[in-house]
K.L.:
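Got a structure here, written out as structure tokens. Questions coming.
Values in this document were obtained by computation on a predicted structure and should not be read as measured data. Throughout, residue positions are numbered sequentially from 1 according to the sequence presented.
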Amino acid sequence: MKRNIRYLFTGAGMLAVASVIAKLLGAMYRVPLTNVLGGEGMGLYQLVFPLYTLLLTVSSGGLPVAISRLVAVKLACGDEKGARRVLGVSLAALVPIGILGTALLAVFGGAAAALQGNAEAKTAYYGIAPSVAFVAVISCFRGYFQGRENMLPGAASQLVEQAGKLVFGLYFAYKLMPLGYASGVLGALAGVSLSELLAALALAATYLISERTRRRNRAYAARRALSVGFGTDEAFLIGTEATAAERTRRKVADDESEAERNREGELYAQSAQAVQGAAQAEFAGDMTAELVSGAADLSLQDSCKQNRAPNETTVRGILRELFAVAVPVAFGSLVMPLTALLDSVLVINILTYTGVGRAEATAAYGLTSGTVATLINMPVAVIFAISAALLPRVAKCCRDPERVAKEACFSFKLCLIGGLLCSLALSVFAPLIVKTLYSRGLGEAQLAVTIRLTRISAVSVFYVGVIQVATAALQGLGEAKIPAVNLVIGAVTKVAVTACLLFVFGIYGAAIGSVLCYAVTATLDVISVVKQVPTLAHPKSPLAPALAAAAFVATGIGLSYALGGLKPLFALALSGTAATAAFVAVIAVFKWFTREEAARIIPFIRPVKPAKKRGKA
């Protein structure tokens with residue numbers, strides 16, 4: 001437990017926690033936004049994000065990783081000025097690209113809206129277009145601070161973004177909604193752009209303050225160094241150092257510690273993935289690609305020292321190195337944005353082709369991609385923390401197959417139970433959850449559609465949790481390409497299945513296609529993990545999850561009917577608590593977790609200490 005707490009205060013830990021909090025804030029923002037905009041308004045709101053996310057990925061998707069590596073190279077060589085030069089060159093090159101992306105989104109937004117099946121989304125593109133330029137600035141500063149192993153500014157900027165959306169997006173949407181759906185959506189998206197601007201300004205201010213402090217510290221250190229020869233405290237300390245033997249012992253220990261950090265740094269660098277997309281993600285599929293970078297304290301800079309990375313000094317050299325890293329990362333992240341863009345084109349056009357009205361089709365798209373996705377992303381954001389914690393653990397012990405199997409097995413078991421519990425809760429209590437959250441903004445017909453979509457999509461939570469843990473394990477083992485390929489296969493499956501099922505089941509076909517996408521990807525990922533870790537242990541009581549699920553469903557459904565006369569919120573709280581207690585009780589009785597594993601989850605449980613062997617008399 002102490003190790004888990006210490007992890008939260010590392011750079012990677014802070015970034016992971018901030019990403020989870022930002023995701024939860026984003027989900028909280030969507031609930032009142034749905035009540036303000038309604039189903040059709042959410043459809044217009046959601047239509048702009050696939051193309052917007054695609055442009056972000058192309059223009060600045062791999063920048064934090066690329067800039068952080070270049071800055072780390074400079075700092076590893078002691079080139080402080082060169083690190084600042086990397087940031088300056090990055091801003092000079094990428095801000096124009098961001099401005100170009102803004103212009104493209106504003107100019108061709110109307111054509112994109114027509115292609116997606118609803119021309120009213122044109123004004124929505126005007127509201128979100130400035131964000132492309134602001135995110136380019138944000139990516140440069142986040143990459144710079146990551147290269148300095150300072151994750152706090154990037155983590156804080158994620159929270160600024162989400163808090164800005166929560167405040168300004170809702171305010172503008174509420175004020176402009178009386179003018180029509182398109183105006184309300186424009187206000188909400190203008191709030192998103194304003195939140196990105198605030199995050200960019202916050203990072204710029206942090207950079208200026210940190211540079212000013214760093215210059216003061218260097219000047220102070222120089223003055224202290226000059227005073228060493230004049231009998232000051234430094235001179236006294238130098239004269240009273242430890243003995244030669246003690247200094248030798250400390251040097252050996254320091255060398256061993258540095259070698260261990262270098263080894264971990266190399267493993268972490270091999271499995272690096274940018275985590276900033278977590279706060280920017282606007283659809284459920286992004287969660288599969290939002291695994292935390294395993295950058296522990298000093299690891300990236302130490303890795304650069306060990307690998308003797310080239311220290312580019314010219315503008316052309318910096319740009320060449322920058323795009324050499326950023327372009328592959330960006331193109332590797334295009335899978336889900338492209339899939340979402342195809343979804344946005346297919347859903348409304350196919351539904352209108354089958355006879356559904358354009359307004360109704362737009363509302364259906366908003367319900368599945370916005371309203372229901374919000375409910376799915378809430379538990380997924382929590383499960384994401386498990387995968388974020390797993391990656392550095394696996395990276396540290398990747399040369400020890402037994403420890404890798406132990407860590408992966410624990411994470412899979414925890415994720416399996418957590419994902420199953422969340423899936424069951426969303427499925428069994430869908431009517432109570434939907435009515436509690438969305439009854440003010442959706443009519444009876446839309447509430448009924450949302451309930452059915454939630455029950456179908458609830459299965460995705462289980463599979464996405466498995467994908468996250470499997471992806472983290474594979475990345476920690478240095479096999480980052482395998483989950484990417486598996487995700488491509490799942491995405492192709494989703495597009496093909498969705499295009500067919502929309503003709504048969506309407507909007508429910510899109511939800512089924514998403515579930516199949518994650519099911520295929522999760523299956524392939526688990527198979528890949530088993531191949532990489534043949535010693536992965538199987539649970540001793542495989543029937544425990546099934547029996548726990550049966551207990552949850554029986555208790556939940558029974559109490560839901562029994563408490564039907566109460567308000568949805570009270571009925572949800574009582575029946576949900578009882579069903580969860582029944583689920584946990586079955587898991588505990590069948591000892592799904594060992595005592596050692598339980599001690600890692602529950603603080604007051606102490607693991608069993610191995611008995612000491614007595615020596616012979």
K.L.:
For the atom pair CG (L55) and CD1 (I97), what is the distance rounded to the nearest 0.5 Å?
P.N.:
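Those atoms lie 12.0 Å apart.
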K.L.:
Using side-chain contact (heavy atoms from CB on, under 4.5 Å) as the criterion, point out the one residue from L502, I507, L501 that pairs with F505.
P.N.:
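Of the listed residues L502, I507, L501, the side-chain contact (heavy atoms from CB on, under 4.5 Å) partner of F505 is L501.
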K.L.:
Quick one: does any side-chain atom of T471 pair with a main-chain N or O of Q468 as donor and acceptor, under 3.5 Å?
P.N.:
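No.
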K.L.:
Would you find a donor on one side and an acceptor on the other, under 3.5 Å apart, between the side chain of R358 and the backbone of G117?
P.N.:
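A pair under 3.5 Å: yes.
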K.L.:
Answer yes or no: is there a side-chain heavy-atom contact under 4.5 Å between V192 and E161?
P.N.:
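No, every pair of side-chain atoms sits at 4.5 Å or beyond.
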K.L.:
Which pair of non-hydrogen atoms, one from S344 and one from Q116, has the smallest distance, and what is that distance?
P.N.:
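Looking at all heavy atoms of both residues, the closest pair is OG-NE2, 3.0 Å.
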K.L.:
List the steps, then state whether side-chain contact (heavy atoms from CB on, under 4.5 Å) holds for V71 with L87.
P.N.:
CA-CA 8 Å; V71 170; L87 176 61; 5.9 Å; no
K.L.:
Any heavy-atom pair between the side chains of L346 and V495 that's under 4.5 Å?
P.N.:
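Yes, side chains in contact.
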K.L.:
In Å, rounded to the nearest 0.5 Å, how long is the span from OG1 of T206 to OH of Y144?
P.N.:
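One finds 12.0 Å between OG1 of T206 and OH of Y144.
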K.L.:
Could you tell me which non-hydrogen atom of G38 sits nearest to which non-hydrogen atom of L442, and how far apart they are?
P.N.:
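So the two residues come closest at C-CD2, 4.1 Å.
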K.L.:
Distance from F145 atom CZ to L152 atom CG, nearest 0.5 Å?
P.N.:
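Answer rounded to 0.5 Å: 9.5 Å.
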K.L.:
State whether the side chain of Q46 and the backbone N or O of S369 hold a donor-acceptor pair below 3.5 Å, judged by distance alone.
P.N.:
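Between the backbone of S369 and the side chain of Q46 there is a qualifying donor-acceptor contact (under 3.5 Å).
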K.L.:
Answer whether the closest heavy-atom distance between the side chains of L47 and I348 falls below 4.5 Å.
P.N.:
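Side-chain contact under 4.5 Å: yes.
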K.L.:
Please test T493 against Y518 for side-chain contact (heavy atoms from CB on, under 4.5 Å), starting from the C-alpha separation and ending with a verdict.
P.N.:
CA-CA 9 Å; T493 303; Y518 298 130; over 6 Å; no
K.L.:
Take the angle between the ring planes of F141 and Y207 and call it parallel below 30°, perpendicular above 60°, tilted in between.
P.N.:
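Plane angle between 30° and 60°, so tilted.
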K.L.:
Donor-acceptor pair, distance only, cut-off 3.5 Å: does the side chain of Y438 make one with the backbone of T371?
P.N.:
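Judged by distance alone, yes, a pair lies under 3.5 Å.
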K.L.:
Checking the side chain of T102 only, and the main-chain atoms of A133 only, is there a donor and an acceptor separated by less than 3.5 Å?
P.N.:
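Between the backbone of A133 and the side chain of T102 there is a qualifying donor-acceptor contact (under 3.5 Å).
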K.L.:
A side-chain contact here means heavy atoms from C-beta on lying under 4.5 Å apart; do Y125 and F108 qualify?
P.N.:
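Heavy-atom side-chain distance check fails, nothing below 4.5 Å.
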K.L.:
Quick one, D343 with K494, criterion side-chain contact (heavy atoms from CB on, under 4.5 Å). Give me CA distance, side-chain angles, the key distance, then yes/no.
P.N.:
CA-CA 9 Å; D343 246 10; K494 172 183 170 59; 2.9 Å; yes
K.L.:
Is it true that a side-chain atom of S460 and a backbone atom of S457 form a donor plus acceptor pair closer than 3.5 Å?
P.N.:
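Side chain of S460 to backbone of S457, a donor-acceptor pair under 3.5 Å: yes, one is there.
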K.L.:
Do any N or O atoms from the side chain of T368 and from the backbone of A364 form a donor-acceptor pair under 3.5 angstrom?
P.N.:
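Pair absent, no side-chain N/O of T368 close to backbone of A364.
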K.L.:
Between I376 and P379, what is the shortest heavy-atom contact and its length?
P.N.:
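Shortest heavy-atom contact: O-CD, 3.3 Å.
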K.L.:
Yes or no on side-chain contact (heavy atoms from CB on, under 4.5 Å) for Y52 and V132, after CA distance, side-chain angles and deciding distance?
P.N.:
CA-CA 8 Å; Y52 166 70; V132 180; 4.0 Å; yes
K.L.:
Establish, from distance only, whether the side-chain atoms of T362 and N118 form a donor-acceptor pair under 3.5 Å.
P.N.:
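Present: a donor and an acceptor within the cut-off.
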K.L.:
Taking atom CG of L208 and atom CG of L203, what is their separation to the nearest 0.5 Å?
P.N.:
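Result: 11.0 Å between the selected atoms.
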K.L.:
Hey, does L426 have a side-chain heavy atom less than 4.5 Å from the side chain of L375?
P.N.:
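They are in contact (side-chain heavy atoms under 4.5 Å apart), so the answer is yes.
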K.L.:
Please report the closest heavy-atom contact between T123 and A182, naming both atoms and the distance.
P.N.:
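For T123 versus A182, the nearest heavy atoms are OG1-CB, 3.7 Å.
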K.L.:
So do I467 and P483 actually touch side chain to side chain, heavy atoms under 4.5 Å?
P.N.:
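They are not in contact (no side-chain heavy atoms under 4.5 Å apart), so the answer is no.
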K.L.:
Nearest 0.5 angstrom please: Y463 OH to C517 SG, how far?
P.N.:
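Nearest 0.5 Å value for the OH-SG distance: 12.0 Å.
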K.L.:
How close do G39 and Q446 get, heavy atom to heavy atom, and via which atoms?
P.N.:
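Scanning both residues completely, I find the closest heavy atoms to be N-OE1, 3.7 Å.
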K.L.:
Can R148 and E80 be said to form a salt bridge (Lys or Arg N to Asp or Glu O under 4.0 Å), step by step?
P.N.:
CA-CA 10 Å; R148 302 196 71 94; E80 185 74 36; 2.7 Å; yes
K.L.:
Which distance, rounded to the nearest 0.5 Å, do you find between the OG of S183 and the CG of L37?
P.N.:
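Output value for this atom pair is 11.0 Å.
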K.L.:
Can you confirm whether the side chains of S193 and S131 place a donor and an acceptor under 3.5 Å from each other?
P.N.:
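Side chains of S193 and S131: pair found under 3.5 Å.
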K.L.:
Any non-hydrogen side-chain atom of L33 less than 4.5 Å from a side-chain atom of M42?
P.N.:
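They are in contact (side-chain heavy atoms under 4.5 Å apart), so the answer is yes.
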K.L.:
Between I456 and A511, what is the shortest heavy-atom contact and its length?
P.N.:
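The pair with the smallest heavy-atom distance is CG2-CB, 3.8 Å.
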K.L.:
With heavy-atom distances below 4.5 Å as the criterion, would you say the side chains of S157 and R142 are in contact?
P.N.:
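A side-chain contact under 4.5 Å exists here.
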